[in-house]
Amino acid sequence: EILRCLVGSEMCIRDRNNIMTKGNLNNLDKSFVQNLSNNWALVTSGASDNYNMMTVNWGGIGFLWNKPVLFIFIRPERYTFEFIEKYDYFSLSFLKDDFSNVHEVCGMQSGRYINKIKETNLNPIITKNGCMLFEESILSVECKKIYSHQMSQMNYENHEFHSMIKDKGSDHKMYIAEIIDIWVND
């Protein structure tokens with residue numbers, strides 16, 4: 001379903017089997033948000049020799065400061081948070097349907113204690129910006145951070161929303177990032 005909203009180009013991220021091709025940013029539509037909400041995604045950050053990924057489904061896309069942007073929310077106690085804070089780039093990857101078990105591992109277990117690549121059998125691909133994508137993705141979005149904000153109880157206009165999440169951990173931090181590239185697995 002994600003592929004129907006993107007148009008591939010000739011440029012490949014790597015030659016082996018032409019796994020990922022560049023997509024057209026202008027063709028992202030509301031199905032992106034529906035897929036994030038319903039199918040979840042992996043956010044990945046770090047360096048090629050030390051990175052982590054986690055399952056996310058809070059976020060969206062838009063246009064801000066004359067740039068196409070993506071925004072996500074991560075709790076400070078998550079291991080991936082450390083990488084997002086340290087590195088300028090991160091990726092958001094939507095996996096093929098038959099990889100739903102990956103979301104369980106990456107959403108329920110910490111990379112502090114397990115090797116998520118070994119546990120999930122994902123095959124990483126490194127972009128020129130150092131972002132990690134995965135061969136098993138049908139869509140990956142490469143992003144560069146431009147703004148972040150720690151959410152807090154006093155900033156909620158409707159405190160009902162804060163009460164829904166407060167018992168599950170600390171408040172999330174919001175990251176707004178410029179969409180640098182979109183990669184499609186044909």
Side-chain angles (χ1 to χ4, degrees), residues 13 25 28 32-33 35-37 39-95 102-120 122-134 136-137 139-157 161-162 164-183:
I13 193 167
L25 173 64
L28 278 180
F32 177 90
V33 176
N35 276 294
L36 181 59
S37 171
N39 300 331
W40 301 51
L42 290 180
V43 62
T44 307
S45 185
S48 62
D49 61 343
N50 186 27
Y51 60 93
N52 197 56
M53 67 272 205
M54 64 175 266
T55 302
V56 295
N57 82 329
W58 284 16
I61 57 173
F63 192 75
L64 186 62
W65 302 305
N66 295 319
K67 297 191 178 293
V69 297
L70 176 142
F71 56 95
I72 57 170
F73 301 82
I74 300 177
R75 290 182 192 265
E77 60 264 24
R78 298 298 302 256
Y79 186 46
T80 304
F81 180 85
E82 296 173 23
F83 293 93
I84 296 273
E85 286 288 297
K86 182 176 179 180
Y87 293 93
D88 290 334
Y89 292 89
F90 66 88
S91 67
L92 195 69
S93 297
F94 294 89
L95 302 178
V102 170
H103 293 299
E104 291 176 24
V105 171
C106 293
M108 307 280 278
Q109 298 187 43
S110 175
R112 284 185 183 101
Y113 310 113
I114 66 164
N115 181 330
K116 289 183 181 181
I117 292 296
K118 270 188 186 174
E119 294 291 322
T120 60
L122 289 174
N123 295 292
I125 301 170
I126 303 167
T127 70
K128 68 178 181 177
N129 294 315
C131 280
M132 293 303 234
L133 313 179
F134 301 100
E136 297 77 10
S137 300
L139 170 69
S140 293
V141 183
E142 192 172 1
C143 304
K144 183 176 182 181
K145 294 184 307 184
I146 54 178
Y147 179 81
S148 63
H149 178 78
Q150 180 63 50
M151 298 173 72
S152 70
Q153 182 176 1
M154 69 181 203
N155 292 332
Y156 280 83
E157 299 295 329
F161 289 103
H162 187 263
M164 291 186 324
I165 62 164
K166 69 177 182 181
D167 294 333
K168 296 179 181 176
S170 63
D171 285 314
H172 290 75
K173 187 168 187 177
M174 175 185 65
Y175 295 92
I176 299 174
E178 179 181 3
I179 298 173
I180 302 298
D181 275 316
I182 295 176
W183 300 98

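Computed over heavy atoms, backbone and side chain alike; hydrogens, waters and symmetry mates excluded.
Within the model, atoms OG1 of Thr80 and CZ of Arg112 stand 9.0 Å from one another, a figure rounded to the nearest 0.5 Å. Of the inter-residue distances, the one linking Leu133 atom CG with Ile125 atom CD1 reads 6.0 Å to the nearest 0.5 angstrom. Remark: Ile61 CD1 to Ile182 CD1 distance equals 7.5 Å, nearest 0.5 Å. Remark: Glu142 CD to Met132 CE distance equals 12.0 Å, nearest 0.5 Å. With rounding to the nearest 0.5 angstrom, the NE2 atom of His103 is 10.0 Å from the CG atom of Asn57.
When only modelled atom types and interatomic distance are considered, Gln109 and Tyr79 share no side-chain donor-acceptor pair under 3.5 Å. Side-chain N/O atoms of Asp171 and Gln150 include no donor and acceptor closer than 3.5 Å.
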List the steps, then state whether side-chain contact (heavy atoms from CB on, under 4.5 Å) holds for Tyr175 with Phe81. CA-CA 11 Å; Tyr175 295 92; Phe81 180 85; 3.0 Å; yes

Working note: Phe71 + Leu64, criterion side-chain contact (heavy atoms from CB on, under 4.5 Å); need CA distance, chi angles, decisive distance, verdict. CA-CA 11 Å; Phe71 56 95; Leu64 186 62; over 6 Å; no

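The closest side-chain heavy-atom distance from Cys143 to Tyr89 is not below 4.5 Å. Counting only heavy atoms from C-beta outward, the side chains of Ile74 and His172 never approach each other to under 4.5 Å. Side-chain contact between Phe83 and Val43: absent, with no pair of heavy atoms (C-beta onward) separated by less than 4.5 Å. Residues Ile180 and Thr127 have side chains not in contact (no heavy-atom distance under 4.5 Å, counting atoms from C-beta outward). In this structure, the side chains of Arg78 and Ile84 stay at 4.5 Å or more apart for every pair of heavy atoms. The closest side-chain heavy-atom distance from Ile114 to Val105 is below 4.5 Å. In this structure, the side chains of Lys144 and Lys67 stay at 4.5 Å or more apart for every pair of heavy atoms. Here the side chains of Trp65 and Ile176 are in contact, with some heavy-atom distance below 4.5 Å.
Looking at Lys145, its side chain does come within 3.5 Å of a backbone N or O of Tyr87 through a donor-acceptor pair. Thr44 places no side-chain N or O within donor-acceptor distance of the main-chain N or O of Ser91, the cut-off being under 3.5 Å. With hydrogens and angles disregarded, no donor-acceptor distance shorter than 3.5 Å links the side chain of Lys116 to the backbone of Val102.
The two residues Ser45 and Phe90 make their nearest non-hydrogen contact at CB-CB, 3.9 Å. What you find for Gly107 and Thr55 is that their closest heavy atoms are N-OG1, 3.3 Å. The nearest pair of heavy atoms linking Trp183 to Asp181 is NE1-CB, 3.5 Å.
In the displayed structure, Lys173 atom NZ is contacted under 6.0 Å by more than 12 heavy atoms of other residues, nucleotides or ligands.
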